[in-house]
Amino acid sequence: MQIKQNISSNKLSKFIASCMNENKAEDIKILNLKKINNSVTDYFVLCTGKSTTQIGAIADIIEKKVSKKFNEKPWKKEGKINKEWILIDFVNVVVHIFQENKRSLYNLEKLWGDAKLEVVK
């Protein structure tokens with residue numbers, strides 16, 4: 001499964017990060033995994049939400065805006081019920097929306113420490 005309409009994974013990751021920023025997500029980072037052997041995707045886009053309500057809203061707006069702008073639906077979604085860590089898989093870009101304690105616990109930035117890291121402001 002590939003991203004439709006020739007949208008690059010780089011462009012999609014930046015668009016998703018901007019959606020997070022518009023919805024007041026915190027600590028937004030893009031991990032470029034392209035040069036890592038056997039990586040599961042091209043990019044991880046990570047952020048932290050202050051509450052389960054905000055985490056759910058960030059996930060919903062990302063899905064809505066990506067669908068509207070690029071006509072792209074997620075391949076898989078996880079965590080939308082408990083909203084501690086929502087994962088939205090667009091195949092070449094995987095979105096992670098965390099509660100602060102879950103983000104610290106799983107520490108994807110350290111786990112994928114060889115990835116090129118971009119902090120989004």
Side-chain angles (χ1 to χ4, degrees):
M1 177 184 257
Q2 294 292 322
I3 294 175
K4 299 172 192 162
Q5 297 185 357
N6 297 324
I7 177 175
S8 72
S9 54
N10 180 44
K11 184 176 179 181
L12 181 59
S13 67
K14 291 184 184 318
F15 179 77
I16 290 168
S18 73
C19 292
M20 291 172 168
N21 194 38
E22 288 173 12
N23 286 277
K24 312 238 185 290
E26 297 181 344
D27 198 17
I28 303 167
K29 293 181 181 168
I30 299 173
L31 299 179
N32 182 336
L33 306 170
K34 284 183 164 184
K35 293 185 178 180
I36 297 176
N37 291 336
N38 302 317
S39 68
V40 294
T41 189
D42 290 347
Y43 293 92
F44 281 161
V45 185
L46 297 83
C47 74
T48 303
K50 292 183 180 184
S51 67
T52 57
T53 303
Q54 184 189 26
I55 290 167
I58 292 167
D60 291 344
I61 201 71
I62 288 169
E63 285 187 62
K64 181 180 177 182
K65 286 189 171 189
V66 169
S67 177
K68 184 176 181 180
K69 184 167 178 89
F70 302 112
N71 195 30
E72 185 65 37
K73 302 257 189 257
W75 176 66
K76 187 117 174 132
K77 301 180 270 188
E78 299 286 340
K80 291 205 91 175
I81 294 174
N82 64 14
K83 296 179 182 124
E84 294 177 345
W85 174 6
I86 295 179
L87 182 143
I88 308 169
D89 187 345
F90 289 102
V91 182
N92 295 332
V93 177
V94 179
V95 179
H96 300 270
I97 308 165
F98 290 98
Q99 285 183 355
E100 189 172 353
N101 63 336
K102 295 298 179 188
R103 185 163 182 181
S104 296
L105 177 66
Y106 293 104
N107 200 355
L108 294 183
E109 293 97 321
K110 185 175 180 183
L111 182 66
W112 291 92
D114 292 342
K116 182 179 175 191
L117 178 68
E118 180 180 337
V119 178
V120 179
K121 296 179 182 180

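Along the sequence shown, the residues carry numbers beginning at 1.
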About how many Å separate [atom2] of [Y] and [atom1] of [X], when rounded to the nearest 0.5 Å?
{"X": "T48", "Y": "W85", "atom1": "OG1", "atom2": "CH2", "result": "12.0 Å"}
{"X": "L46", "Y": "M20", "atom1": "CG", "atom2": "CE", "result": "7.0 Å"}
{"X": "K102", "Y": "K83", "atom1": "NZ", "atom2": "NZ", "result": "15.5 Å"}
{"X": "L117", "Y": "E109", "atom1": "CG", "atom2": "CD", "result": "7.0 Å"}
{"X": "F44", "Y": "D89", "atom1": "CZ", "atom2": "CG", "result": "9.0 Å"}
{"X": "I86", "Y": "H96", "atom1": "CD1", "atom2": "NE2", "result": "12.5 Å"}

Any heavy-atom pair between the side chains of [Y] and [X] that's under 4.5 Å?
{"X": "I97", "Y": "C47", "value": "yes"}
{"X": "N32", "Y": "E118", "value": "no"}
{"X": "I16", "Y": "V93", "value": "yes"}
{"X": "V94", "Y": "V40", "value": "no"}
{"X": "K116", "Y": "K35", "value": "no"}

Quiz item: What do the steps show when you test E26 against R103 for salt bridge (charged side-chain N to carboxylate O under 4.0 Å, His left out), and what is the final call?
Solution: CA-CA 11 Å; E26 297 181 344; R103 185 163 182 181; over 6 Å; no

Shared ILVMFWY cluster between [X] and [Y], side chains joined below 4.5 angstrom?
{"X": "V95", "Y": "W112", "value": "no"}
{"X": "L108", "Y": "V45", "value": "no"}
{"X": "F70", "Y": "I30", "value": "yes"}

Exercise. Could you tell me whether a side-chain N or O of S13 sits under 3.5 Å from a main-chain N or O of N10, the two making a donor and an acceptor?
Key: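 Present.
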
Quiz item: Do any N or O atoms from the side chain of Q99 and from the backbone of I55 form a donor-acceptor pair under 3.5 angstrom?
Solution: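 Checked: no pair found.
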
Quiz item: More than 12 foreign heavy atoms under 6.0 Å from NZ of K34: is that the case here?
Solution: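 Yes, the 6.0 Å shell around NZ holds more than 12 heavy atoms from other groups.
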
Self-check item: Criterion salt bridge (charged side-chain N to carboxylate O under 4.0 Å, His left out) against E63, the qualifying member of K73, K69, K77, K68
Solution: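 Checked K73, K69, K77, K68 against E63; only one passes salt bridge (charged side-chain N to carboxylate O under 4.0 Å, His left out): K77.
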
Quiz item: Does Y106 have its ring centroid less than 6.0 Å away from the ring centroid of F98?
Solution: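 No, the ring centres sit 6.0 Å or more apart.
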
Quiz item: Taking atom types as modelled, is there a side-chain donor on S9 or D42 under 3.5 Å from an acceptor on the other?
Solution: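 There is such a pair (donor and acceptor under 3.5 Å, judged by atom type) between the side chains of S9 and D42.
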
Mind listing the closest non-hydrogen atom pair of [X] and [Y] along with its distance?
{"X": "L33", "Y": "A115", "result": "CD2-CB, 3.4 Å"}
{"X": "D114", "Y": "I36", "result": "C-CD1, 3.8 Å"}
{"X": "K65", "Y": "C19", "result": "CD-SG, 3.6 Å"}

Quiz prompt | Check ion pair K80-D60 (N to O, under 4.0 angstrom) | solution =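 Between D60 and K80 there is a salt bridge, with a charged N closer than 4.0 Å to a carboxylate O.
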
